[in-house]
2 protein chains.
Amino acid sequence: MQTIEELLESKNIRVTAMRLLIYKFLAEKQIAVTLSDIENAFEKADRTTLYRTVKTFEEKDIVHQIDDGTGITKYALCEKGCNCELETDLHLHFHCNNCNETVCLTEHKIPQIKVPDGFVSENVNLVVKGICDKCSGQ
Amino acid sequence: MQTIEELLESKNIRVTAMRLLIYKFLAEKQIAVTLSDIENAFEKADRTTLYRTVKTFEEKDIVHQIDDGTGITKYALCEKGCNCELETDLHLHFHCNNCNETVCLTEHKIPQIKVPDGFVSENVNLVVKGICDKCSGQ
DNA sequence: CAGTAATTGCACTTCCATTGCATTGATTTT
DNA sequence: AAAATCAATGCAATGGAAGTGCAATTACTG
Ligand SMILES: [Mn+2]
Ligand SMILES: [Mn+2]
Ligand SMILES: [Zn+2]
Ligand SMILES: [Zn+2]
């Protein structure tokens, strides 16, 4: 079990107070978060810093970006050992039309999608919309 | 075979010169277009008019909106008899990482996606990214 | 033709994402 | 330890796309 410090260092990210705080924030959230969510959680910090921190995490494959169709980019921590860039690794995302929350369904890999001749599939984005478990009352 | 005028009227959309032009523009394009694309094609017309025309078409199920992950909304004409609002009718979209064009693969319906217990699927957005037939050289 | 209703154009706004630059802070070198 | 160097942070500003209020114009109705 490695500490957050060790994880960041292993990815060549300098350890700073801000980065540790943001990492912990993302880690304890079970849902994908927007930049505004992070802003609200760290009101003393500057938006730009939060933005660049998340972008750094994203670049180093610590978080992945989620486009759930709301028009607002969301972010979530990658699974341990996740290779976001490889198609085989991609899980699907669920966006709740009721509570507006988006979750990673990391257990649910995206099925193989057939494309017509001449097309080369490199990557798939799959978002299911509906009612989440908390909102469906079950 | 019905004319464009008849189609618009059948959807309770008043026929105007602008609407006919935009419809024809969308019809002859084989790819999904952004509002900017339309703007560039009709420089004399006002952005707002183009915007509201497309929104009218969308509302009346003449065009459907496509979120291909580029962050810019795209639009494409619906197929004849397409019921965009029904999940069963949904086709997948392909976005080319090379030429940045997005096409409807209307023949390729989205497979049934399983979601965990408690989750209710109402809608699915599936975008495949890669290299399109024109760019793959075959 | 007059009256009414919808469409169009212009101006303005909002929201999110992104960048330039100065400042602060941390790390390395002498 | 001080100086030099490089990265991280904060502040201000920008850009792009989406959306709205209202007045002017155009199309439809009787
Ligand atoms: Mn995810
Ligand atoms: Mn389509
Ligand atoms: Zn919910
Ligand atoms: Zn292409």
Side-chain angles (χ1 to χ4, degrees), chain A residues 4-26 32-60 62-76 95 100 102, chain B residues 4-26 32-60 62-76 95 100 102:
Chain A
I4 302 175
E5 284 88 344
E6 286 166 348
L7 169 66
L8 295 182
E9 276 163 3
S10 77
K11 299 271 189 176
N12 285 313
I13 301 173
R14 287 202 188 175
V15 177
T16 69
M18 204 68 250
R19 288 172 174 173
L20 287 173
L21 284 171
I22 294 178
Y23 187 95
K24 283 173 192 160
F25 175 75
L26 292 169
V33 299
T34 66
L35 218 47
S36 304
D37 292 335
I38 304 179
E39 274 177 64
N40 293 336
F42 300 97
E43 301 201 337
K44 54 242 166 163
D46 187 76
R47 265 202 6 252
T48 316
T49 305
L50 304 174
Y51 171 74
R52 285 200 259 237
T53 300
V54 173
K55 285 294 165 190
T56 300
F57 284 177
E58 188 187 358
E59 215 169 86
K60 299 301 175 69
I62 282 186
V63 308
H64 62 282
Q65 192 174 333
I66 301 162
D67 173 9
D68 63 7
T70 56
I72 301 164
T73 309
K74 294 184 179 176
Y75 302 92
H95 177 252
N100 204 34
T102 297
Chain B
I4 303 176
E5 283 88 344
E6 287 166 349
L7 171 65
L8 295 183
E9 277 163 3
S10 78
K11 299 270 190 177
N12 286 314
I13 301 173
R14 286 202 186 176
V15 177
T16 67
M18 204 67 251
R19 287 172 176 173
L20 286 173
L21 285 171
I22 295 178
Y23 187 95
K24 283 172 192 159
F25 175 75
L26 292 169
V33 300
T34 66
L35 220 46
S36 307
D37 293 335
I38 304 178
E39 275 175 63
N40 293 335
F42 300 96
E43 300 200 338
K44 53 239 167 169
D46 188 77
R47 243 178 22 105
T48 316
T49 305
L50 305 175
Y51 171 74
R52 285 198 260 233
T53 300
V54 173
K55 284 296 163 188
T56 300
F57 284 176
E58 190 187 357
E59 217 169 82
K60 298 300 174 67
I62 282 186
V63 309
H64 61 281
Q65 190 174 336
I66 300 161
D67 173 9
D68 64 7
T70 58
I72 301 164
T73 308
K74 295 183 178 172
Y75 302 92
H95 177 251
N100 204 34
T102 297

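Within every chain, numbering begins at 1; the chains are lettered A, B, ... in the order of the sequence lines, protein sequences first and strands thereafter.
- The CG atom of A:Leu35 sits 9 Å away from the P atom of C:dT18 (whole-angstrom rounding).
- The CZ atom of B:Phe42 sits 9.5 Å away from the OG1 atom of B:Thr53 when rounded to the nearest 0.5 Å.
- Relative to the side chain of B:Lys55, the nucleotides C:dT8, C:dC16, D:dG19 differ in distance, and D:dG19 lies closest.
- In this structure the side chain of A:Ile4 reaches within 4.5 angstrom of the side chain of A:Lys24, judged on heavy atoms.
- Close to D:dA7, at under 4.0 Å from its OP1 or OP2, lies no side-chain N or O of A:Thr16.
- Listed by residue number, B:Arg47, B:Thr48, B:Tyr51 are the residues of residues 37-51 of chain B with a heavy-atom contact under 4.0 Å to DNA chain D.
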One pair to check against side chain to side chain contact (heavy atoms under 4.5 Å, CB included): B:Lys60 and B:Asn12. What are the steps and the verdict?
CA-CA 8 Å; B:Lys60 298 300 174 67; B:Asn12 286 314; 4.3 Å; yes
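- Nucleic acid contact class of A:Ser36 (heavy atoms, under 4.0 Å, all strands): none.
- With a 4.5 Å cut-off on side-chain heavy atoms, A:Tyr51 and A:Asp46 do not count as touching.
- Spacing between atom CD of B:Gln65 and atom P of D:dA17 amounts to 15 Å, rounded to whole angstrom units.
- Rounded to an integer number of Å, the gap from B:Ile22 CD1 to C:dG9 C1' is 13 Å.
- Among the protein residues, B:Thr34 comes within range of no part of the nucleic acid, since none of its heavy atoms lies under 4.0 Å from any strand.
- Residue A:Arg19 is classed as a sugar-phosphate contact, given heavy-atom separations below 4.0 Å to backbone atoms only.
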Side chain to side chain contact (heavy atoms under 4.5 Å, CB included), that's the test. Do A:Leu8 and A:Ile62 meet it? Break it down for me.
CA-CA 9 Å; A:Leu8 295 182; A:Ile62 282 186; 3.7 Å; yes
Under the side chain to side chain contact (heavy atoms under 4.5 Å, CB included) rule, what do A:Lys11 and A:Phe57 come out as? Steps first, then yes or no, please.
CA-CA 9 Å; A:Lys11 299 271 189 176; A:Phe57 284 177; over 6 Å; no
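- Side-chain to base pairing of B:Arg52 with D:dG19: no donor and acceptor N or O lie closer than 3.5 Å to each other.
- In this structure, A:Glu59 places its CD atom 12 Å from P of C:dT18, rounding to the nearest Å.
- Interatomic distance, B:Glu5 CD to B:Ile13 CD1, rounded to the nearest 0.5 Å: 12.5 Å.
- Toward the 5' end of DNA chain D, the nearer of the two residues B:Tyr75 and A:Met18, judged by each one's closest nucleotide, is A:Met18.
- What separates NZ of B:Lys60 from P of C:dA6 is a distance of 11 Å, to the nearest Å.
- Contacts of B:Lys55 classified as side-chain hydrogen bond (donor to acceptor under 3.5 Å, both in side chains), with partners at least two apart in sequence or in another chain: B:Glu58, B:Tyr75.
- Residue B:Asn40 comes nearest to B:Glu43 through the heavy atom pair O-CG, 3.4 Å, listed as atom of the first residue, atom of the second, then distance.
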Return the polar atom pairs (N/O with N/O) between nucleotides 22-28 of chain C and the protein under 3.5 Å, or none.
none

